[in-house]
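Following: one structure in structure tokens, then a few remarks.
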Amino acid sequence: MRVYNTLSGRKEELETLEPNQVKIYVCGPTTYNYIHLGNARPLVVFDSLRRYLIYQGYKVTYIQNFTDVDDKIIKRSREKGENALELAAHYINEYFKDAAALNILPADAHPQVSRHMDDIIKAISILIAKGFAYEVDGDVYYRVRAFKGYGRLSGRSLEDMLAGARVEVDERKEEAADFALWKAAKPGEPSWDSPWGRGRPGWHIECSVMANKYLGDTIDIHGGGNDLIFPHHENEIAQAEALTGKPFVRYWMHNGFITVNSEKMSKSLGNFFLLRDVLERFPADAVRFYLIATHYRSPLDFDDGKLEEARKALGRLKTTLLLVNEFQQGNHSLKVKPEGEALNLNQAVTDLQQEFIAALDDDFNTARALGSLFEISHRINNYLASARPDRAMDQAAVAEAAAIFKELGEVLGIFIDRQQDETAGIDKVLDIIAAIRHFARQERDYQLADDIRDFLGAMGIVSEDTTGGTRFRYESPPKLSLLMEKLIALRSNFKSRKQYAQADYIRDSLQQAGIILEDTREGARWKIAEA
RNA sequence: GGGCGGAUGGCGAAGUGGCUAACGCUGUGGUCUGCAAAACCACCAUUCACCGGUUCGAGUCCGGUUCCGCCCUCCA
């Protein structure tokens, strides 16, 4: 596999420190709010990378930190009148909900700044002892000039930076570019004891200390957003390498930004979209798909239309899953040697699988890999169009192709199962409604049949008539109560037309589904039978 | 001002000098269908911001021009 290394500015063959093992550190969020879509991009990108490396047989150690001690958190906690550490803990907790929705696998460890004070203080002490840092009035600064090679990652020299500096120069610092390792506590701020008095760590030190602690002196891949290159990652290198004397990171990978109207989405610009707000309007798998449908280093412009397009595109892939499932229903595939068309299918899918892998091997090109996945989907659909469920060879061929298709979808994490809680009951009720509609169509009562379809459509349920019956599809589960309301209305209609067979059918099949229907003078009422 | 990256059809987006410029969305025609949807089949960029150059051959390499984004300040 080749990856683009920010440090060298080109794609390099991935050679891990130890064969078949990858150590990855990804910069996680500063927890002062719910995460926004921009935060979600690296999560999804690097989670997908992780899945792919595992797929390729690597043992992956994946660490993602939380920065839970920070100026912004302190500011926010003042505004809200809350304890800063509790505020951060709250958003860490909420982070996991958002991440789970996006199908992000938990990291092997999620270290937090607040729990690594001893490690951080020790690291700073060593930096001072080695001459890479100095103390001024309870603050400790990193002496940038002492670290030769500073600026290598971001491609700039110390002189450039000093020349173009827009920052106010703190007179106490030896040089404008020096950055804080430790900040003396101000009243009301969270603080810890240290050899320089009470205070808290600067922004960059936590990442190098925790990365080294969990992954060793040299790690394979360090990931994060583009904007972290400078100063965050530049400073991490300076700290870690001054400390250990060894190369800190072999491959630096940075994702591009999400923009809104071609403007960077960021908390400071205020044009950000919280992930959970987006997830209220679009399914999580569509959001995930959208985030990897573009190469990770390219900018990604956000608007609802793009998410809608992603939803439809992903829907095409999931339709294949649905069609396969339907095709396999009630049939189990036997081991049959494929021939003819079946062989062609399996050969084509295997070839496309190789293309998929080749795409990801080339700097993790998920956009290209998805292209292969669509072609696999297309091949399977095409085969299914003329396949017969009772033919053993068709079953075998489809089973094999579908297995690969699902496997590759899993590598990208885009096949997320919808919530299953009330769904079982809902599906049964839908089946009954389907049967009624089926009867109506047999009776050529198209008005009723269309009425039912329109009702379902209004609830976001798509009904599709096939030769074998009616199939229902929905993005999010409909409300059971609304379905029942409709079913009861239908039933009362049948009753008033003295179509008792249909009316009784509804009641009987509902009972079988665990729902009891009772007639009262005011109308019917329903309840779920106790188990 | 300094550094980095980008400009591909109606839209999004791949494209590792050389088969007919992937793939998705949209659109058009057809098959299927009571209607519809889904699926299937077919079609939809002589052209890759512009100008030069290298080469037998360039969207792909080099130089220049225009426009755009990002970083240099907290930020994924």
Side-chain angles (χ1 to χ4, degrees), chain A residues 2 6 9 11 26-30 32 35-46 67 70-72 75 151 154-157 159-168 177 203 223-232 234 254-259 262-269 272 289-290 293-295 297-301 303 305-306 308-317 319-320 322-323 326 355 358-359 362-363 365-375 377-378 380-386 441 444 446 449-450 453-454 457 462-467 470-471 473:
Chain A
R2 280 147 45 90
T6 306
K11 293 180 192 174
V26 176
C27 282
T30 299
Y32 66 105
I35 62 169
H36 62 72
L37 203 59
N39 297 302
R41 164 116 102 149
L43 298 180
V44 169
V45 164
F46 291 108
T67 299
D70 171 271
D71 290 348
K72 294 185 294 297
K75 181 163 176 274
S154 51
R156 66 193 86 203
S157 69
E159 280 60 39
D160 288 343
M161 276 178 266
L162 296 177
R166 293 192 268 161
V167 243
E168 274 181 52
W203 174 35
N226 231 328
D227 56 347
L228 294 182
I229 295 173
F230 189 89
H232 190 54
E234 194 69 71
H254 294 98
N255 61 273
F257 280 107
I258 292 187
T259 57
S262 297
E263 247 195 337
K264 176 179 166 181
M265 178 187 295
S266 75
K267 290 176 185 172
S268 46
L269 288 176
F272 61 90
F289 179 95
Y290 158 77
T294 298
H295 184 85
R297 285 195 285 124
S298 301
L300 181 51
D301 202 56
D303 65 57
K306 307 239 170 73
E308 180 59 20
E309 190 182 314
R311 194 186 63 76
K312 284 181 181 163
L314 176 63
R316 188 178 180 78
L317 296 179
T319 293
T320 295
L322 184 90
L323 293 174
E326 205 170 75
E355 284 181 20
D362 184 11
D363 194 26
N365 194 331
T366 50
R368 188 140 63 88
L370 282 173
S372 303
L373 206 55
F374 276 104
E375 292 191 53
S377 163
H378 170 254
I380 294 175
N381 291 349
N382 178 268
Y383 189 86
L384 246 23
S386 57
R441 289 175 66 226
R444 298 189 179 279
Y446 292 124
D450 288 353
R453 187 171 59 196
D454 290 347
V462 178
S463 44
E464 296 167 9
D465 297 333
T466 67
T467 43
T470 302
R471 154 168 87 221
R473 305 213 265 162

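Values in this document were obtained by computation on a predicted structure and should not be read as measured data. Side chains included, hydrogens not; waters and symmetry mates left out as well; all remaining heavy atoms used. Every chain is numbered from 1 and lettered A, B, ... according to where its sequence line falls, protein lines coming before strand lines.
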Contact class for A:Asp71 vs. all strands (heavy atom < 4.0 Å): base, sugar-phosphate, or nothing? nothing
With heavy atoms under 4.0 Å as the rule, sort A:Asn365 into base, sugar-phosphate or nothing. sugar-phosphate
Go through B:A37, B:G24, B:C71 for me and flag the one nearest to the A:Phe230 side chain. B:C71
Base, sugar-phosphate, or nothing: which does A:His232 touch, judged by heavy atoms less than 4.0 Å apart? nothing
Donor-acceptor pair under 3.5 Å, A:Arg368 side chain vs B:G15 base: no
Touch check for A:Arg41, heavy atoms < 4.0 angstrom, all strands: base, sugar-phosphate only, or nothing? nothing
Pairwise side-chain contact, A:Arg2 with A:Asp363, heavy-atom cut-off 4.5 Å (strictly under): no
Of the candidates B:C25, B:G24, B:C23, the side chain of A:Ala313 sits closest to B:G24
Counting the atoms with a prime plus P, OP1 and OP2 as sugar-phosphate, which does A:Gly38 contact under 4.0 Å by heavy atoms, base, sugar-phosphate, or nothing? base
A:Leu314 CG to B:G24 P, straight-line distance once rounded to whole Å: 13 Å
Taking A:Leu373's backbone N and O only, do any of them form a donor-acceptor pair with A:Ser377's side chain (distance below 3.5 Å, no angle check)? no
Would you indicate what A:Arg444 reaches in the nucleic acid, counting non-hydrogen atoms under 4.0 angstrom: base, sugar-phosphate, or nothing? nothing
Under 4.0 Å from OP1 or OP2 of B:C71: is there any side-chain N or O of A:Lys264 that close? yes
Touch check for A:Glu375, heavy atoms < 4.0 angstrom, all strands: base, sugar-phosphate only, or nothing? sugar-phosphate
For A:Ser298, which contact category applies under a 4.0 Å heavy-atom criterion: base, sugar-phosphate, or nothing? sugar-phosphate
Of the nucleotides B:C71, B:G34, B:A76, which one has an atom closest to the side chain of A:Phe257? B:A76
Determine the contact category for A:Asn226: base if any of its heavy atoms lies under 4.0 Å from a base atom, sugar-phosphate if only primed atoms, P, OP1 or OP2 are that close, otherwise nothing. nothing
Using a 4.0 Å heavy-atom cut-off, does A:Ser154 contact any base of the nucleic acid, only the sugar-phosphate backbone, or nothing at all? sugar-phosphate
For the pair A:Glu309 and A:Lys306, find out whether any cationic side-chain nitrogen is under 4.0 Å from an anionic carboxylate oxygen. no
When all nucleic acid strands are considered with a 4.0 Å heavy-atom cut-off, which category describes A:Thr294: base, sugar-phosphate, or nothing? sugar-phosphate
Can you check whether any acceptor in the base of B:G34 is under 3.5 Å from a donor in the side chain of A:Asp450, or vice versa? yes
Donor-acceptor pair present, A:Arg473 side chain and B:A38 base, under 3.5 Å: no
Taking the six-membered ring for Trp, are A:Phe272 and A:His36 parallel (under 30°), tilted (30 to 60°) or perpendicular (over 60°)? tilted
The side chain of A:Leu228 is closest to which nucleotide in this list: B:A76, B:C23, B:A14? B:A76
Can you tell me how far P of B:C70 sits from CG of A:Leu300, to the nearest Å? 14 Å
Among the nucleotides B:A37, B:G34, B:A76, whichever has the atom closest to the side chain of A:Tyr446 is B:G34
Considering only B:U16, B:G2, B:A76, which nucleotide approaches the side chain of A:Asp362 most closely? B:U16
Measuring from the side chain of A:Arg441 (C-beta onward, heavy atoms only), which nucleotide among B:C25, B:G34, B:A76 has the closest atom? B:G34
